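Sequential numbering from 1 along the given sequence is applied to the chain's residues. Just so it is clear, the model here is predicted, and its values are computed rather than measured. We use all heavy atoms of the structure for the numbers below, so side chains are in, but hydrogens, waters and symmetry mates are not.
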Amino acid sequence: MSSSRRQFLGGIVGGVVAGVAGLFGWSRLRGTSDPGSGATLGAPPTSLLPVSTSVADGTTTAPVDFTTSSLPPTTVATLSGDTSTTSTVAPTTTSTTPPTTTSTTAAPTTTTSPPTAATAGIAAFTTVAGELPALCKAAWGANPNLGTFTPHTIERFTVHHTAAFLKSPGRAPARARQHQKFHLSKGWPDLAYHFLVDSLGNVYEGRPIDAVGDTATSYDPTGHFLIAAEGSFSEQGLPAIQLAGMAELLAWAAVTYNVDPSQMRGHKDWAPETSCPGNAVYAVIADGTLESMMRDAIARGVKQVRVVCTDAAKQYVKDLEATA
């Protein structure tokens with residue numbers, strides 16, 4: 001894809017995201033995750049990382065030169081009730097060579113359907129400039145994790161989809177619960193992924209980032225930052241706002257863990273027996289669109305991920321599910 005075409009696409013996506021954020025006060029994304037199951041309200045897992053607390057200042061991160069050997073710590077904020085806490089995660093320098101990506105799929109179909117008035121619960125969130133909110137596990141109704149996690153260091157990014165056709169954005173929270181329940185039934189300690197992204201661009205907290213993910217396929221997910229787009233992207237198009245959210249989330253991870261965006265691949269690049277993440281998602285990986293969007297987000301100053309666990313977040317999930 002030519003640079004002018006990428007810039008044009010970036011402009012369109014940026015406009016859509018800005019419009020939705022301005023209207024509803026909630027930041028983006030849509031995504032994919034693996035099929036799971038329903039769950040009851042539970043507490044989110046405790047991070048394996050040491051935590052230091054301070055007041056979030058909502059600042060953004062400067063553009064990154066990935067040729068340097070180190071980066072300043074990046075803030076990962078958690079908002080619970082009226083209290084804001086942040087944990088400082090020291091970035092890790094890595095060097096990896098993932099398999100070569102080839103594309104045999106057609107360009108994806110993107111859609112830009114705006115949220116309906118029924119999703120106005122988004123306005124209950126107070127967004128902070130330079131932050132990307134993520135619904136905490138308790139907000140979307142996750143079960144407590146089971147067993148123990150295996151720690152690892154992020155070295156690359158792998159994109160999945162859930163392979164479950166998403167007919168309505170309002171079904172996304174229930175899908176997240178279903179995915180987690182299914183993964184727990186396999187003996188895994190939690191949802192297989194670190195984050196899910198739904199068709200409205202909402203981000204859902206998964207297992208701790210410093211814990212190795214899980215897979216039923218042939219690759220070893222150690223070192224992989226795993227995100228999953230909610231939907232079946234061999235059957236449906238990838239909404240522009242969902243793609244934009246995935247790019248923002250991956251850009252944040254690239255800066256946080258000092259890993260170049262070129263280290264981003266689709267699931268099937270590591271496990272050829274699967275078609276995950278589906279044609280529509282894989283096409284934007286293979287043609288460089290997603291990587292280019294990551295780099296653009298980094299150049300603008302990445303948004304810091306804020307895990308939101310307020311009553312407003314829980315109410316938003318209820319309001320969203322009421323639209324299903």
Side-chain heavy atoms of Phe195 within contact of Ile209, under 4.5 Å: yes
Flag side-chain contact, heavy atom, 4.5 Å: Pro133 against Val308: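 Touching, per the 4.5 Å side-chain cut-off.
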Tyr257 and Trp252 aromatic ring geometry - parallel, tilted or perpendicular at 30°/60° bounds: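 Ring orientation of Trp252 relative to Tyr257: perpendicular.
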CA sep, side-chain torsions, deciding dist, call: Leu196, Leu191, side chain to side chain contact (heavy atoms under 4.5 Å, CB included): CA-CA 10 Å; Leu196 302 177; Leu191 186 74; 3.9 Å; yes
Heavy-atom donor-acceptor pair, Ser185 side chain to Phe182 backbone, under 3.5 Å: yes
Any side-chain donor near an acceptor of the partner, Ser232 and His161, under 3.5 Å: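 Distance-only check fails for Ser232 and His161.
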Residue pair His267, Thr215: steps toward the side chain to side chain contact (heavy atoms under 4.5 Å, CB included) verdict: CA-CA 10 Å; His267 181 189; Thr215 179; 3.9 Å; yes
Any Tyr316 side-chain heavy atom under 4.5 Å of Leu135 side chain: yes
Note, Arg171 side chain near Leu166 side chain (heavy atom, < 4.5 Å): yes
No-hydrogen, no-angle side-chain donor-acceptor test under 3.5 Å, Thr158 and His224: yes
Whether Thr310 side chain and Ala313 backbone form a donor-acceptor pair below 3.5 Å: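 Yes.
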CD1 on Ile227 to CE on Met264, rounded to 0.5 Å: 8.5 Å
Validation row: Ile241, Leu200 side chains within 4.5 angstrom (heavy atoms):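 No. Closest side-chain heavy atoms not under 4.5 Å.
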Spacing of Leu320 atom CG and Asn202 atom CG [to the nearest 0.5 Å]: 6.0 Å
Point-to-point distance, once rounded to the nearest 0.5 Å, from CZ of Arg265 to OH of Tyr219: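 It is 14.0 Å, given to the nearest 0.5 Å.
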Pairwise distance NZ(Lys268) to OG1(Thr217) - rounded to 0.5 angstrom: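 These two atoms lie 13.5 Å from each other.
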Least distance between heavy atoms, Pro221 atom then Gly213 atom: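 Result for this residue pair: CG-O, 3.2 Å.
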Close side-chain approach of Asp190 and Leu146, heavy atoms under 4.5 Å: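 Side-chain contact under 4.5 Å: no.
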Leu243 and Met293: CA distance, side-chain angles, deciding distance, side chain to side chain contact (heavy atoms under 4.5 Å, CB included) verdict: CA-CA 9 Å; Leu243 173 60; Met293 292 174 70; 3.8 Å; yes
Separation between CG of Leu249 and CE of Met294, rounded to the nearest 0.5 Å: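 Answer rounded to 0.5 Å: 9.5 Å.
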Charged N-O contact under 4.0 Å between Asp260 and Arg295: yes
Shortest non-hydrogen separation from Ala251 to Ala297 and the atoms involved: CB-CB, 3.7 Å
Test item: side-chain donor near acceptor, Glu273 and Ser218, under 3.5 Å: yes
Min side-chain heavy-atom separation Leu250-Phe225 under 4.5 Å: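 Side-chain contact under 4.5 Å: yes.
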Taking every non-hydrogen atom, the tightest pair across Thr222 and Asp220: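 So the two residues come closest at OG1-OD1, 2.8 Å.
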Arg156 vs Trp270 side-chain heavy atoms within contact, under 4.5 Å: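 In contact.
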Check ion pair Lys303-Glu131 (N to O, under 4.0 angstrom): no
Side chain to side chain donor-acceptor pair (under 3.5 Å) between Tyr282 and Asp269, worked out: CA-CA 10 Å; Tyr282 190 74; Asp269 288 315; 2.7 Å; yes
Under 3.5 Å donor-acceptor, Gln236 side chain and Gly231 backbone: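 Judged by distance alone, no pair lies under 3.5 Å.
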Side-chain (His183) to main-chain (Ala192) donor-acceptor, under 3.5 angstrom: yes
Donor-acceptor side-chain pairing of Gln315 and Asp311 below 3.5 angstrom: no
Partner residues of Pro189 under the side chain to side chain contact (heavy atoms under 4.5 Å, CB included) criterion, sequence neighbours left out: Phe149, Arg207, Asp214
Main-chain N/O of Ala211 paired with His194 side-chain donor or acceptor, under 3.5 Å: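 Such a contact is found between His194 side chain and Ala211 backbone.
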Lys137 with Glu205: basic N within carboxylate O range, under 4.0 Å: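 No salt bridge links Lys137 with Glu205.
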Inter-residue atom distance Trp140.CH2 - Tyr204.OH, 0.5 Å rounding: 9.5 Å
